[in-house]
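Reading through the structure tokens given below for one structure.
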Amino acid sequence: MSEQDPRTRPGDDDRRRSAAGDEHRGRPRDDAGSRDDRGRGGRPDGAGRRGDDRRRDDRGTGGRTGSGWGGGPDRGSRTGSGWGGGSDRGGRTGSAGGDDRGRPRAGGGDDRRRDQRDDRGRGRDGRDRDRRDDRGSGHRDDRRGYRDDRGRDERSRTPRADHNRDDRGGTRGDRGGHRGGDRPRYGDDRRAGRPGDAGGGRYRDERRDDRRDQRGDDRRRDHDDRPSHSRSGGDVARPRGGPRDERPAPGRARDDREGRPRRDRDTGRSPRREHDGREHDRRDGGRRERTAGPRNAGPPRGRVGPGRPPAVDPARQAAYDLLTAVRERDAYANLALPGLLRRYGLRDRDAALATELGYGTLRAQGLLDAVIDACTDRPLSKIEHPLLDALRLGAYQLLRTRVPDHAAVSTCVELVRGDHGSQSAGFVNAVLRRIGEHDESEWLDRLAPDAAEDPVGSAALRHAHPRWIAQAFADALGETGEELTAALAADDARPQVHLLARPGEISAEELALATGGEEAPWSPYGVHLEPGSGEIGELDAVAEGLAVVQDEGSQLVAVALSEAELVGEDTGRWLDLCAGPGGKASLLGGLVGTQGGTLDAVESSEHRAGLVRTATAELPVTVHVADGREAPLPDGVFDRVLVDAPCTGLGALRRRPEARWRRRPEDTAELARLQRELLVAALRHVRPGGVVAYVTCSPHLSETVGVVGRIVGREGRPGPAGPVEQLDARACLPEGMPGLGAGPAVQLWPHRHGTDAMFLALIRRPAQ
Ligand SMILES: C[S@@+](CC[C@H](N)C(=O)[O-])C[C@H]1O[C@@H](n2cnc3c(N)ncnc32)[C@H](O)[C@@H]1O
């Protein structure tokens, strides 16, 4: 889950909104025949358009099923789980080629891709025209080649809205009405024991277009609050990159909004404000070294001289305001940033610069503070916060960007001069000049603990992590050497944006073509976008609801649950016990929908339950606002249950620039209790022979194996949920995926897998 992370602070939900995108899913494997069939990986139904001959030939045995499940001949044999990819999949990451990847592909062929290319060329006017036309005629569907009259007839018998009622009445009996058409199918040969083998369809009805319009309105209204909609899910560009192409990226809508930089600032900060007592010391920062900095380099104690408007470029002003918002309002950076970009009229390279500076400064805060601390007489806690923000912003530019020193210093000096006077400006100037005397590695050599004596402390400072988080990573990795360094470094890097190609809506291949991205190495639904400029929400595929932002690790754990081996038939009744904001519910709902099943989605926060409704609006998902520990749902009936538990989110810090400095070690104990209780509840709701996936986006042992160990029981003694069996989760992840450990649980890592650090345990209730 991305910044929309619920796990961070229970009760803060209203501050978080989501694109249902960020953010963290089977079949019996005892049937060799079905394994083989899956392994051949062709479209089970033979329906849908084919790609061109070259693609068909290259794909060989690994053609894509409409639902994204393919699997080359060498893949099904391992787990029988039908993970997509052809026999050459293992070489994919090293291969520049696209057509020979043996990737699973959805039903669309060249026509659809051509259509999408044409769409892109039309630009905004063309899209608007299509939208107008769509409303009455369904033209939009034709345009993408998805139109299916049979499906529409069936859908008209079972309006979509039924699926999102908060009661279940009348929906299940109609499930079959959503199947059919030329949409991908889950055949018996691929999903033994699954219901609805006739396949799934797109979940649409005549109200779809209306709803899309409504969604568009919601999207615009919620824009400020949507997470991860900048290309990086975080930073977007280095400040001194070459000239950037200001044309819209492929598939990106032109934005004809007019933005005007505004100089007004909404902070109203007083230079005399009391400090809040927050520590700005070297808690995580290694030993203190005072250099011969300005001896009088303490902060001024009040405004000196007349204030005047800051003469700073809007990008730096926006970054500075972001730091203020995070500090003063506990804002989530990825939720606050889009509004600031709009306020200052920032687009393209300016937006990229503002994002880089704001996110980078937040991410590196502990390192920056250690350096600032070494350059002034006063403890950081005695420096007025706005000045400290300016110092951090300047220090980040000096140490971690190619911004010329003079520009880094002078712009930060000007940032404070207007509101805080010339004496404050002089203080900032003096400290930043001191910082600029050394580069980052020289400062680290001076300030970091000796790696031989304190490897965790050294790695923590060098990669800008609090020590306790670096220690938690070390504990989970089981080492404090090179791999810890690699993990922290990957966690400190600008992340790619990962998109989920929604099952039944668009294939990963099509989405990659439409967005200029790359198909993900592991998830059959994933597309990676390079960090760059621009708003993800402006991509046509995202704007039209065909794709959402979702980390590949989140996709993998959701698909793993859908792949886990049940005892007995999958009746298509699935449950997501902690669903908000709906990222995985949207994927699970799409998967279960393609086989005619349903998903119940429980979320304790009303607001976040609303986000789940929005994210699953066209899927067979019923949303319940309830505490997952006592949800009003029957016991012992669900085939598959996801517990994507509220957690510290330590595994997604790269997407949440400020989170690493907010979390406290003591957060984990209370969360672990809640996690255990939710897992026990899930095991109550799952039927005998059904499977529960316990998932966190944290590698902290007390939230992962600690929770699972207590519930599964130890040394033959059952835990509080009675006897259960832990499955080998590795078998439900793509074959050839490296670094999955010794099992049975799986810990994903950014440095090993390019994903957030998601944890997955699969637990099955014994069959009666
Ligand atoms: C990690 S998030 C789930 C993310 C979600 N699965 C997704 O992919 O978008 C955990 C969610 O659990 C919710 N939550 C917290 N306590 C809960 C409880 N007792 N019962 C149900 N949901 C709860 C939080 O509000 C939050 O939305």
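We count residues from 1, following the sequence as given.
Within the 4.5 Å cutoff, side-chain heavy atoms of Leu488 are placed close to those of Leu484. For the pair Tyr694/Val712, no side-chain contact is recorded, criterion being any heavy-atom separation below 4.5 Å from C-beta on. In this structure the side chain of Leu477 reaches within 4.5 angstrom of the side chain of Arg752, judged on heavy atoms. Between His498 and Arg655 there is a side-chain heavy-atom pair separated by less than 4.5 Å. Residues Glu552 and Gln496 are not in side-chain contact: their nearest non-hydrogen atoms beyond the backbone lie 4.5 Å or more apart. You'll find the side chain of Phe759 stays beyond 4.5 Å of the side chain of Pro699, heavy atoms only. Side-chain contact between Thr704 and Leu701 is present, with heavy atoms from C-beta onward closer than 4.5 Å. Residues Val705 and Gln747 fail the side-chain proximity criterion, which asks for heavy atoms closer than 4.5 Å.
Judged by distance alone, with hydrogens and angles left aside, the side-chain atoms of Glu603 form no donor-acceptor pair with the main-chain N or O of Arg608 at under 3.5 Å. Arg640 contributes a side-chain N or O that, together with a main-chain N or O of Ala564, makes up a donor-acceptor pair within less than 3.5 Å. Here the side chain of Arg629 pairs no donor or acceptor atom with the backbone of Leu674 at under 3.5 angstrom. In terms of modelled atom types and a separation under 3.5 Å, the side chain of Arg660 and the main chain of Ala464 share a donor-acceptor contact. For Asp454 (side chain) and Pro449 (main-chain N/O), no donor-acceptor pair under 3.5 Å exists by modelled atom type.
Atom CG of residue Asp439 and atom CZ of residue Arg400 lie 12.0 Å apart, to the nearest 0.5 angstrom. The structure places CZ of Arg462 at 9.0 Å from CD of Glu440, a figure rounded to the nearest 0.5 Å. Arg765 contributes atom CZ, which lies 11.0 Å from atom NE2 of His685 (distance to the nearest 0.5 angstrom). The OG1 atom of Thr480 sits 10.0 Å away from atom CG of Asp475, with the distance rounded to the nearest 0.5 Å. Considering CG of Leu678 and CG of Asp627, their distance stands at 6.5 Å, rounded to 0.5 Å. Note that the CH2 atom of Trp443 and the CD1 atom of Ile435 stand 7.0 Å from one another [nearest 0.5 Å].
Around atom CD of Glu666, more than 12 heavy atoms belonging to other residues, nucleotides or ligands sit under 6.0 Å away. By the 6.0 Å contact criterion, CZ on Arg710 is open, its count of non-hydrogen atoms from other residues, nucleotides or ligands being 12 or less.
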Begin with the C-alpha distance, continue with both residues' side-chain angles, and end with the deciding distance and a verdict on side-chain contact (heavy atoms from CB on, under 4.5 Å) for Arg687 and Leu566. CA-CA 10 Å; Arg687 69 164 173 81; Leu566 308 178; 3.6 Å; yes

Could you please spell out the steps behind the side-chain contact (heavy atoms from CB on, under 4.5 Å) verdict for Asp639 and Val691? CA-CA 6 Å; Asp639 300 290; Val691 173; over 6 Å; no

Could you go through the side-chain contact (heavy atoms from CB on, under 4.5 Å) check for Met737 and Leu556 one step at a time? CA-CA 11 Å; Met737 207 171 165; Leu556 290 169; 3.6 Å; yes

side-chain contact (heavy atoms from CB on, under 4.5 Å) between Leu461 and Leu367, intermediate numbers included: CA-CA 6 Å; Leu461 185 67; Leu367 165 63; 4.3 Å; yes

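When all heavy atoms of Leu727 and Glu565 are compared, the pair lying nearest together is CD1-O, 4.0 Å. Taking both residues in full, the closest heavy atoms of Ala601 and Val612 are given as CB-CG1, 4.0 Å, listed atom of the first, atom of the second, then distance. Among all heavy-atom pairs drawn from Trp468 and Arg664, the shortest one is CZ2-C, 3.6 Å. Summarising the geometry of Pro738 relative to His753, their closest heavy-atom pair is O-NE2, 2.6 Å, with the distance given to 0.1 Å. For the pair Glu658 and Ala333, the tightest heavy-atom approach, listed with the atom from each and the gap, is OE1-CB, 3.3 Å. When all heavy atoms are compared, the tightest approach of Pro581 to Ala615 is O-CB, 4.0 Å.
Just one of Val724, Leu642, Leu679 meets the side chain to side chain contact (heavy atoms under 4.5 Å, CB included) condition when paired with Val692; it is Leu679.
Thr696 and Glu703 are not linked by any side-chain donor-acceptor pair at a separation below 3.5 angstrom, with hydrogens and angles left out of the test. A donor-acceptor contact under 3.5 angstrom links the side chains of Thr648 and Ser698, judged on distance only.
By the 6.0 Å and 45° rule, Arg363 does not stack over the aromatic ring of Tyr396.
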